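Sequence lines set the chain letters: A, B, ... in the order given, protein chains first and strands last, and positions in each chain run from 1. Because the structure is predicted, anything quoted here is derived from the model rather than measured.
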Protein chains: 2
Amino acid sequence: MPNKKDPKQNILDTSIALIAKKGFSAVGVREIAKKSKVNISMISYYFGGKTGILKAIIETYFTLVGDILKDIIDVDLPAETELKKVITGLVKLINEKENLCRVALLEMPLDVPEIANYKLEMVKRNMRFVGKKLEDGFNISDKTKHVIIGHAFISLVYSNFIFGKLRRKEFNIIFDDKFFETYTDIITTIFLHGVYGINDVCCPDKRNQKNKNNKK
Amino acid sequence: MPNKKDPKQNILDTSIALIAKKGFSAVGVREIAKKSKVNISMISYYFGGKTGILKAIIETYFTLVGDILKDIIDVDLPAETELKKVITGLVKLINEKENLCRVALLEMPLDVPEIANYKLEMVKRNMRFVGKKLEDGFNISDKTKHVIIGHAFISLVYSNFIFGKLRRKEFNIIFDDKFFETYTDIITTIFLHGVYGINDVCCPDKRNQKNKNNKK
DNA sequence: AAATAAATCAAACAATCGTTTGATTAACAA
DNA sequence: TTGTTAATCAAACGATTGTTTGATTTATTT
């Protein structure tokens with residue numbers, strides 16, 4: 001795997017692959033070092049310790065997600081269009097960096113408050129984004145619903161990758177660009193039709209009035 | 001935590017709580033034994049080793065899910081009604097045994113083929129169930145879509161619990177029965193409206209013809 | 001070329017890992 | 001009660017954990 005010259009990046013890349021596969025605690029520094037073809041001590045040298053790797057991974061992920069959201073927020077678009085773009089952007093990110101996303105999403109080191117708190121803050125920030133869109137574009141203002149739908153949104157977008165380990169060879173599907181296109185379409189459709197359904201509004205594509213519907 | 005007399009059950013209960021919180025590899029047998037108030041050797045004695053605990057957890061979970069599905073399949077109902085009942089049943093299970101579900105769902109010990117293969121088989125079985133419902137009740141026959149929507153289904157149902165660690169205190173929401181009722185409603189609505197959306201069919205509640213719509 | 005800094009290395013650190021042993025106690029059957 | 005099995009225990013097993021040390025090599029600067 002490590003073909004590049006940069007040892008720090010090698011460690012990071014190897015770690016992402018290993019942690020995505022086995023979980024953070026199950027991966028040892030010796031295994032990382034060996035596969036990265038660097039000395040064990042280089043991990044502490046570059047990352048200050050094993051947890052430093054996880055920190056770097058999680059920070060990288062939320063920076064990438066932040067960039068995606070920022071680009072979309074900057075242009076002023078209807079909430080529905082924005083959500084569509086967010087889904088497309090996130091699926092693209094998953095497609096490109098599946099392991100990174102997996103690790104950042106599923107690992108939650110409660111014993112390292114620095115990382116745990118950072119991640120919590122980022123999740124809350126992203127949740128606030130979804131909540132705002134639900135309020136602006138879908139007339140859903142109840143905070144409890146925001147939390148439920150917010151989590152549903154993330155789970156939906158990442159659905160094929162959270163449990164992805166299994167499926168790779170078992171469901172014989174080719175994960176090409178066409179798959180990701182289909183995937184994006186289906187997830188977008190489910191979420192938008194689903195959320196409109198909460199407000200008893202149907203056929204979002206054909207709908208022409210806006211914000212005139214009542215809550216369920 | 002261990003108030004009961006049965007040491008085996010104590011070990012299991014403690015393990016479920018700990019593994020749900022920190023992940024299987026991050027939990028040590030000494031920690032389990034201490035909190036269970038049993039001797040360390042009792043773990044090997046009752047479960048044959050640490051991985052035996054995980055095996056027991058995962059088997060318990062899929063047995064419970066199997067029972068839920070069986071009860072629903074036995075009565076002959078329309079696909080939509082069946083899916084509604086499945087969601088209700090699963091959310092109820094999550095409500096009652098959140099930690100068990102978390103562990104069984106997220107832990108995938110690839111280094112223990114016996115458990116990994118068992119889990120894979122169970123997931124495939126449940127996936128086949130959803131696939132059949134999509135075919136029967138929603139005119140969706142494409143296998144790739146079955147996989148995508150099947151994963152989406154599971155992710156949706158479990159959405160508030162996969163990332164639940166964080167949210168507990170942070171989003172100040174009371175997780176009472178009313179919450180789980182709202183949660184079930186929202187998830188059901190999103191999924192059903194969402195899947196009907198894939199077929200360009202709107203307002204599933206108001207729809208009165210069946211299986212007469214074309215695929216997108 | 002000499003001096004300074006950065007990077008890499010093998011080796012050892014204490015701590016913890018899961019498991020096993022063999023003795024001891026508790027429970028139950030004959 | 002005696003004999004037998006089941007359950008529990010402290011202690012130790014070797015292996016592995018993440019981290020650090022101090023020497024050595026490589027790279028950069030003076």
Once you round it to whole Å, what is the distance between [atom2] of [N] and [atom1] of [X]?
X	N	atom1	atom2	result
A:Lys50	D:dT20	NZ	C1'	17 Å
A:Met42	D:dT20	CE	P	13 Å
A:Ile40	D:dT20	CD1	P	13 Å
A:Asn39	D:dT26	CG	P	14 Å
B:Asp6	D:dA6	CG	C1'	14 Å

So what does A:Ile43 hit on the nucleic acid, given a heavy-atom distance under 4.0 Å: a base, only sugar-phosphate, or nothing? nothing
Could you tell me whether B:Phe47 contacts a base, only the sugar-phosphate backbone, or nothing, with contacts defined as non-hydrogen atoms closer than 4.0 Å? nothing
If we count only N and O atoms by modelled type, under 3.5 Å, do the side chains of [X] and [Y] hold a donor and an acceptor together?
X	Y	result
A:Asp13	A:Gln9	yes
B:Ser159	B:Tyr183	yes
A:Glu80	A:Tyr196	yes

Whichever of A:Ser41 and A:Arg30 has its nearest DNA chain C nucleotide further upstream toward 5': A:Ser41
Between A:Ser44 and A:Ala26, which is nearer to the 5' end of DNA chain D once each is assigned its nearest nucleotide? A:Ala26
Would you call A:Glu31 and A:Lys35 a salt bridge, using N to O less than 4.0 angstrom? no
Got a salt bridge between B:Glu121 and B:Arg125, using NZ or NE/NH1/NH2 to carboxylate O under 4.0 Å? no
Does anyone know the first and last nucleotide of DNA chain C in reach of chain B, 5' to 3', at under 4.0 angstrom to a heavy atom? C:dC17 to C:dT21
B:Tyr46 vs D:dT8: side-chain N/O to OP1/OP2 distance below 4.0 Å: yes
Exactly one candidate in B:Val65, B:Asp67, B:Thr88 meets side-chain contact (heavy atoms from CB on, under 4.5 Å) with B:Leu93; the answer is B:Val65
